[in-house]
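FYI, the numbering just counts along the sequence from 1. Keep in mind that this is a model prediction, so the values were computed, not measured.
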Amino acid sequence: MLFFVNFLAMGEYDAAIPELEGEENLIAAAKQIVRALGSKRNLTDDAKKILAELGTQLTTITTISENEVDEISDDEGRLNVNQDKIMIWETDQSMIWDLGPNEANEYINCADEVRKLTEKLEAMCLKDDGEKELLRRAHDVLQIAMARLEEEFKHMLIQNRQPFEPEHMSFRSSEEDAGSVASLGDESFEESQHRDSVSRNSEEYIVDLVHPYTIPELRCIANLMFISGYGHECSQAYVSVRRDALDEFLLILEIEKLSIEDVLRLEWGSLNSKIKRWVRTMKIFVRVYLASEKCLSEQIFGDLGTVNLVSFAEVSKASMLRLLNFGEAVSIGPHKPEKLFPILDMYEVLADLLPDIDSLYADEAGARVRIDCREVLRRLGDSVRAAFLEFENAISTSTSTNPIAGGGIHPLTKYVMNYLNALTSYRETLNFLLKDQDGEDTMSLSPDINPSTEEENAREGACDGSPLALHFRSVASILECNLDDKAKLYRDASLQHIFLMNNIHYMAQKVVNSNLQSILGDGWVRKHNWKFQQHEINYERNTWSSILATLKEEGNSNSSRTLLKERFRNFYTAFEEVYRTQTAWSIPNAHLREDLRISTSLKVIQAYRTFVGRHTNQISDKHIKYSADDLQNYLLDLFEGSQRSLHNPHRRS
């Protein structure tokens, strides 16, 4: 056409050019001119060839124009048919996918036809107002179809949701069986510590959160909505439904929405219960529920690039951060000794789940969860260290105004040793947390633990030089210092030794009969066995040395009868006072009690037999109040914790 215009401009054709409007009229006129020029005989061969090609092109343009008109007419017909089918469902309250696969497939096909028609019309250079109106109608119909598919998508997700089977939550039944740690002020400790083991093999599996047969249909709808430009609406519909399902799951597990302020206001009993529930929830929530949730998003959005990752993160992020928020709140609360075990449980379960969480939230959409998880883990670790320090401080500052009756085992001794024994279950974690990144101990030691003492511990056979062993020895040393102070509450020096003997023996036996021995070492046990034995010797010396002195022979073995009677009387008076006093004393350990009775009996009875035998001819039997067998039997009444008197003896059968 451009050539033709130039051709006319060069004066090759002097005919008048009519004023024409419209593309069709222009083409018709051009064809007429070409025919007129072609009839001239004076044209060169090249000119004739050019005119022939121009005529062919004009004929082709005419054909295309006519075909486009026909095609637009066909597209309008297709749109009308699909629009009618789609609009039928706008007045029908039924859900299409509930009626069976035929209706669902027909609707999907209609929506896809409209999508294709819309894309085709958008690719064409539409100039006619009628054609532009057709494109607008196609967009409107597509929007209506997509809105309906969004409703169907949400309905299918909700109606086909499968409940989380009760057997997957069997851990809840054991929650109330867990032991508890009393406060140090109560000077007691619940030994039956219940600790959940973190079992990866038993808890790592996928469950169907939505009935499997609906997955292909959900994937089909998702794919169509995304390629139609309605991916955001589809993703938001999915997130909305699945987020509600996840919230419902946490509600079933009794996980409340608590702010940090709410957590800090909780009483310890209530907080401890919620911590135990959190520990159990985290394991099943991450390894089962979130793993299954991510699998579901992959099944539905797996063909759409990273959509499945983003959708999963949007579904689960709020609930995950809610659980981490609870962990943070616990970590910033008061660092009381009784909180150490629950916080250790929280730390261990979160540390164990860290690889799972990194895998679940591996993309940029899950970065916030990964970062917060590590921050909460760090805070919990800081809380463990702070609580352990507070435990040491609480022991050193524990005071008593009244001594324990009978010199028995102090509740503080039981508390501390049982506390340490329970901590052995967290050996690896504590060894990691009680040192800094360079492997050096970060916690201040007791004043009683200095370099020379550490060398001594090594010589005594301490199992290792780990931070945990070092701090356990420190705690034991602090406890012994405290017991020395408590022993001073007794006025009787012999009872002081009984008290210290009882408590140090308890400490040594607790170590021997538990995992503590592998940490404190055999040398520590030997040293403390020697310590309580020294208190046993000191008790005998304080109690019986002066009494047995009345039976010792002095320079002249031929004592007067008056002096002999006085010596017998003094011995009996002293023995009866010991009996009256020390039957009220207590040695709880049967073997230790028996050993001390035997040791005492060997010394006292032998001395008494010798003295009586030597003077049996010098004094009448009426002045011998007790036989050696009587005294031996009376010694068996000592340290039972029930006071008796020989003036009104209560003899054992």
Side-chain angles (χ1 to χ4, degrees), residues 403-409 487 490-503 505 532-554 559 561-653:
I404 295 298
I409 301 168
Y490 298 100
R491 296 180 180 179
D492 191 318
S494 295
L495 185 53
Q496 290 180 7
H497 291 296
I498 290 292
F499 172 76
L500 291 172
M501 179 192 70
N502 276 329
N503 284 270
H505 177 267
F532 83 74
Q533 288 166 4
Q534 286 301 115
H535 286 296
E536 182 178 358
I537 293 170
N538 291 334
Y539 153 77
E540 291 179 343
R541 183 182 297 120
N542 275 276
T543 297
W544 296 104
S545 293
S546 60
I547 298 175
L548 294 179
T550 64
L551 302 179
K552 288 183 179 179
E553 294 296 338
E554 298 177 358
S559 303
R561 295 182 62 191
T562 301
L563 182 58
L564 284 174
K565 287 190 289 185
E566 181 66 22
R567 293 175 70 182
F568 271 106
R569 187 163 47 250
N570 289 341
F571 174 79
Y572 292 141
T573 299
F575 185 90
E576 288 168 356
E577 178 60 23
V578 168
Y579 183 89
R580 184 189 68 80
T581 303
Q582 297 192 14
T583 50
W585 295 1
S586 174
I587 300 180
N589 185 274
H591 293 294
L592 182 61
R593 184 171 64 245
E594 192 64 23
D595 286 346
L596 186 53
R597 285 171 177 171
I598 292 172
S599 176
T600 301
S601 180
L602 288 174
K603 296 177 177 66
V604 174
I605 302 306
Q606 181 60 38
Y608 183 72
R609 285 183 192 276
T610 301
F611 185 77
V612 171
R614 182 178 291 119
H615 300 289
T616 186
N617 295 327
Q618 295 176 262
I619 192 169
S620 65
D621 291 343
K622 68 179 181 178
H623 294 294
I624 300 176
K625 191 172 184 180
Y626 305 109
S627 68
D629 290 340
D630 289 334
L631 294 181
Q632 188 164 356
N633 287 329
Y634 289 141
L635 288 174
L636 296 178
D637 291 335
L638 300 184
F639 316 124
E640 291 285 353
S642 177
Q643 190 173 50
R644 299 177 183 179
S645 174
L646 286 176
H647 298 296
N648 183 24
H650 174 69
R651 298 294 300 277
R652 61 177 66 193
S653 57

* State, yes or no, whether a side-chain contact exists between H623 and H615 at a heavy-atom distance under 4.5 Å. => no
* Just checking, is any N or O donor in the side chain of S599 or E536 under 3.5 Å from an acceptor N or O on the other one? -> no
* Side-chain heavy-atom pair H535, Q496 within 4.5 angstrom cut-off -> no
* For the residue pair L646 and Y626, establish whether any side-chain heavy-atom pair is separated by less than 4.5 Å. => yes
* **Contacts of type side chain to side chain contact (heavy atoms under 4.5 Å, CB included), residue A574, not counting sequence neighbours** => I547
* Asked: Is the closest basic N to carboxylate O distance between R580 and D637 below 4.0 Å?
  -> no
* **Gap between atom OG1 of T610 and atom CD of Q606 - 0.5 Å precision** => 4.5 Å
* Should the ring pair Y634 and F575 be called parallel, tilted or perpendicular, given that the plane angle runs from 0 to 90° and is split at 30 and 60? -> tilted
* Got a sec, which residues hit side chain to side chain donor-acceptor pair (under 3.5 Å) with S494, two or more places apart in sequence or on another chain? -> T543
* To do: Decide yes or no on side chain to side chain donor-acceptor pair (under 3.5 Å) for N570 and T573, but give the supporting numbers first.
  => CA-CA 5 Å; N570 289 341; T573 299; 5.5 Å; no
* Ring centroid separation for Y608 and F571, is it under 6.0 angstrom? -> yes
* Any side-chain heavy atom of F568 within less than 4.5 Å of one from V612? -> yes
* Indicate the ring-plane relationship of Y539 and W585, choosing parallel, tilted or perpendicular according to the 30° and 60° boundaries. => perpendicular
